[in-house]
Amino acid sequence: MRHFETTAAHGAETARYEGAVSTPIFQTSTYAGSERFSYSRCDNPTRYELEQTAASLEQGSRGFAFSSGLAAISAVFSLLKRGDRVLVSDDLYGGTYRLIEQIWSGFGISFAFCDLRDLERVEAELRTPTRMIFAETPTNPMMKVLPLRALSALAKAHGALFAVDNTFLTPYYQRPLTLGADIVVHSGTKFLSGHHDVCCGLAVVGEDPELADRLALIQRTLGNALSPFDSWLTLRGIQTLPLRMEKHSANALAAANYLSAHPRVAQVNYPGLPSHPQYGLLREQASGAGGVLSFLLADDRVQSVLHGGKLIRFAESLGGTTSLITYPQTQTHASVPAALREKIGITPRLLRLSVGLEHPDDLLEDLETMLK
């Protein structure tokens with residue numbers, strides 16, 4: 001088996017034509033005389049290269065590329081039917097919460113939210129017939145680390161599928177399929193593409209061919225597959241993923257240490273800090289802590305922090321080359337009810353920071369300016 005860095009740099013090499021070193025962009029809707037391809041809604045050589053590359057990186061059997069991370073998650077929920085029940089992490093991306101509450105709950109599928117770190121609570125919830133557990137780890141934005149092996153064992157014991165959003169750590173640092181998950185999803189918009197220039201979603205299946213065939217049917221039928229050009233952009237981003245993740249993580253740790261010592265910061269949530277409650281668990285199931293953290297201000301001067309940086313920009317999203325600061329209260333988690341936000345820690349003083357590839361001295365200088 002090739003090393004991760006080699007697979008990232010070379011890809012799956014399924015679409016090498018006329019000696020092209022870079023995968024070509026097959027900007028076509030239909031094909032004549034091809035034994036493999038017929039119509040790009042169903043399959044496309046550029047997208048197929050990305051899907052096979054993602055499967056290789058996650059150590060899965062088949063990958064599927066979608067028009068966004070939410071499209072990938074929606075495809076996973078399309079595996080369900082009326083009457084099914086899903087157990088979901090109570091701390092997760094607000095867009096996923098909105099998808100659940102405002103779309104999928106209307107199709108007769110029930111969703112129960114709980115802290116998936118609490119295995120006794122999870123086991124109690126699974127006494128009610130449950131079709132799927134859906135988890136993020138680390139969670140967005142509180143950076144909780146969930147016990148993937150234990151959750152997988154509980155899911156299997158109760159006949160439930162286990163799906164994991166691996167956006168924050170990427171397969172460079174964490175491979176949920178090797179820890180027992182059935183499906184891994186990504187917002188490829190973030191670290192995988194890594195340059196703030198594409199929207200992309202990915203799903204990778206383990207060794208269940210029926211599950212893979214079902215997702216393939218969903219992808220070609222719903223028509224939400226990724227375009228050839230965006231597939232190519234994501235492939236190009238993946239080529240430098242190992243290098244970028246190392247830099248993101250090093251910079252994030254420097255920022256986390258700086259913020260932890262700052263008098264205007266009450267709390268820092270970053271699983272790479274030894275003070276994090278699940279620091280040991282992260283080291284057991286992942287090889288790095290990634291480039292995202294959140295922190296709680298000790299005072300109410302939020303807007304001066306959000307708008308006070310020269311390098312760190314106030315914008316949604318994460319995982320790109322430049323650092324971004326986000327206000328979950330009004331941006332990523334605005335659709336989550338206030339009572340639930342408060343319960344899980346998304347208070348008016350909480351900020352999320354996606355740490356980019358800048359020099360750490362410049363980043364810390366910018367944070368100092370923002371926190372004056």
Does anything in residues 244-278 form a ring-ring contact (aromatic ring centres under 6.0 Å, His included)? List the pairs, not counting sequence neighbours.
Phe191-His248, Tyr258-His262

Contacts satisfying ring-ring contact (aromatic ring centres under 6.0 Å, His included) that involve residues 33-68 (not counting sequence neighbours) are Tyr31-Phe37

Scan for ring-ring contact (aromatic ring centres under 6.0 Å, His included) pairs involving residues 107-144, sequence neighbours excluded, and state none if there are none.
Phe77-Phe111, Phe77-Phe134, Tyr97-Phe113, Trp104-Phe107

Output all residues satisfying salt bridge (charged side-chain N to carboxylate O under 4.0 Å, His left out) with Arg301, sequence neighbours left out; order by chain, then residue number.
Asp299

Selection residues 311-358 - residue pairs positive for ring-ring contact (aromatic ring centres under 6.0 Å, His included), sequence neighbours left out:
His307-Phe314

List the residues meeting salt bridge (charged side-chain N to carboxylate O under 4.0 Å, His left out) with Lys372, not counting sequence neighbours, and say none if there are none.
none

Please identify each residue that fulfils ring pair (Phe, Tyr, Trp, His ring centres under 6.0 Å) with Tyr172, with sequence neighbours left out.
Phe4

Mind checking who shares a hydrophobic cluster with Leu357, ILVMFWY linked at side-chain heavy-atom distances under 4.5 Å?
none

Test side-chain contact (heavy atoms from CB on, under 4.5 Å) applied to Thr326 - qualifying residues, sequence neighbours left out
Gln331, Thr332, Arg352

Could you go through residues 223-236 and list every donor-acceptor pair under 3.5 Å that involves a side-chain atom there, pairing it with any protein atom two or more places apart or in another chain?
residue	atom	partner	partner atom	Å
Ser227	OG	Asp230	N	3.2
Ser227	OG	Asp230	OD2	3.4
Ser231	OG	Ser227	O	2.8
Trp232	NE1	Ser22	OG	3.2
Trp232	NE1	Thr23	O	3.2
Thr234	OG1	Asp230	O	2.9

Results of side-chain contact (heavy atoms from CB on, under 4.5 Å) for Leu179 - residues two or more places apart only
Leu148, Arg149, Gln285

With sequence neighbours excluded, residues passing salt bridge (charged side-chain N to carboxylate O under 4.0 Å, His left out) with Asp300
Arg349

